[in-house]
Amino acid sequence: MNHQLAVVDHDIALGGGPLPFTQWDTNPHVKLGQLGAEPPLPEIAAELQKSLHSFAEKVMRPIGTELDRLSADAVVDRASRYWEFRRAYAELGINMETLASFSAEEMPHVFAILFEELGWGDSGLAISAGAGLLPHYMAAKFGNGFVARTYPESLIGSWGITEPDRGSDSIDPGGHAAHAAGKPNRPNCVARISDGKIVINGQKSAWVSNGPVADLCILYCAAETGSGYDPARGAVVIVPLDAPGVSKGKPLEKMGQRALPQGEIFFNDVTLDIDHLLVAPEDYLKGVYAIHSEANALMGATFTGCARAAYELAHSYAHERRQGGVPLIRHQDVARRLFHMARKVEISRALARRVTAFNMNNPMPALQAAMFSKVTSTQHALEVTSDALQMFGGNGLTREYPMEKLFRDARASLIEDGCNEVIAIKGGMLLTDPDLLPG
């Protein structure tokens, strides 16, 4: 009896897309696209991705590389190419009106693609672009029309939350990650709210993204309402940084993301009308939850792009560089490492897309889900950039090649927007189900 598999005359087309089995090559091989195993994007998202990729390649990468080699003071100097980036980014037209024009189905794709492509170009400049949006973006989320009416979107935004004595504590006002015997440090920045006025005193730490160049700040700080201050009942305030009493520290010298200007902001009896109050003390925990959900999702997409950049460079190098008489890709261990690098990029992208879609279409975002994306993408970015650098060998350690910069940029992300260890503790607490607890 002949047990050979018979090939039937007709083929079953599953989903209407793949080639029938009988038309496959004898030695099947699929070359993945720019976004890996991403299913076809909606037309508007595909066009956006193409435009953003060109911008990231032609504008962001060369400018980011140049800024990386400058001092922090030189980066923010008016003659610096940082300002060329800001002008070119403004010309893309990514503003609140444009974002509001996308449908609920399109917006998650747009958000994830926007920040993945920017992160692929240069993660420091990507964070600068994201922080620049936050005052207007979050004001719209909070249902506040005052900011849009009063301050043009051409102003560069910043997010002031961390303080010299309250780093990770600032993003955990509910105390999820606090030690049982711990006592919160005294706030470094306090807003006194009374008589229709807000009076702000204190400082924010040197990690304020866009701090040295920003015109507007969405400020998160403790609040004093007559019965002392309470970090868990703080205030969210829009602060024009040309207001009397505002001053800025020197731009921060740091290891990675050197194209992103960061620095301290000081407040000395800064007095604003109550219209500048976005979130009152009774809603402060909701205010922190909201912006942290957005920021962690942004980080997840951005560092998917950073990891992808490192993988693509390593993939190309492995085909060009010869060792042992053959291209690197012919060595089994190199192929194995590239596989795991590609796998991590795919996981990061899939999670960033999934979380963004869930949070933008759910009645309330799941902060723990945004944390999944941030922690996964940043950890993978560090691992992929490290493996890519190793593949470049000695060349990877030099400034002639981009790997050491990508590695430094990725390393910073594990601390940025909440260090991953504290995020994991807080995220774990957010997984608590009160319905399953005894009593």
Contacts of [X] that satisfy ring-ring contact (aromatic ring centres under 6.0 Å, His included) - sequence neighbours left out:
X      : value
His340 : none
Tyr82  : none
Tyr317 : Phe392

What distance do [X] atom [atom1] and [Y] atom [atom2] have between them, rounded to the nearest 0.5 Å?
X      : Y      : atom1 : atom2 : result
Ile63  : Arg86  : CD1   : CZ    : 11.5 Å
Leu92  : Leu48  : CG    : CG    : 9.0 Å
Ser101 : Met107 : OG    : CE    : 9.0 Å
Leu241 : Leu155 : CG    : CG    : 9.5 Å
Lys197 : Asp273 : NZ    : CG    : 4.0 Å
Tyr289 : Leu367 : OH    : CG    : 5.5 Å

Do [X] and [Y] come within less than 4.5 Å of each other through their side chains, counting heavy atoms only?
X      : Y      : result
Tyr311 : Lys344 : no
Asp417 : Leu298 : no
Glu253 : Ser71  : yes
Leu114 : Leu52  : yes
Leu382 : Phe407 : yes
Lys204 : Leu219 : yes

* Which is it for Arg343 and Glu346 under the salt bridge (Lys or Arg N to Asp or Glu O under 4.0 Å) test, yes or no, and what are the steps along the way? -> CA-CA 5 Å; Arg343 175 180 63 83; Glu346 288 290 324; over 6 Å; no
Which residues pass the salt bridge (charged side-chain N to carboxylate O under 4.0 Å, His left out) test with [X], sequence neighbours left out?
X      : value
Glu312 : Arg308
Asp283 : Lys286
Arg336 : Asp333
Glu66  : Arg81

* Asked: According to the ring-ring contact (aromatic ring centres under 6.0 Å, His included) rule, which pairs have a member within residues 350-385, sequence neighbours left out?
  -> none
Within [range] or reaching into it, pairs that qualify as side chain to side chain donor-acceptor pair (under 3.5 Å) - sequence neighbours excluded:
range            : value
residues 145-160 : Tyr151-His276
residues 236-249 : none
residues 404-415 : Asp68-Arg408, Asp122-Lys405, Glu404-Arg408, Lys405-Asp409
residues 39-51   : Gln34-Gln49, Gln49-Glu117

* Do other residues, nucleotides or ligands put more than 12 heavy atoms under 6.0 Å from the CG atom of Asn362? -> yes
* Asked: Would a distance-only check, ignoring hydrogens and angles, find a side-chain to backbone donor-acceptor pair under 3.5 Å from Trp83 to Val76?
  ->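 Here the side-chain-to-backbone pair exists.
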* To do: Going by the side-chain hydrogen bond (donor to acceptor under 3.5 Å, both in side chains) test, name the single residue among Asp165, Thr162, Asn201 that passes it with Asn188.
  =>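 Passing option: Asp165.
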* Asked: Salt bridge or not for Glu264 and Lys250, using N-O below 4.0 Å?
  ->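 Answer for the salt bridge query: no.
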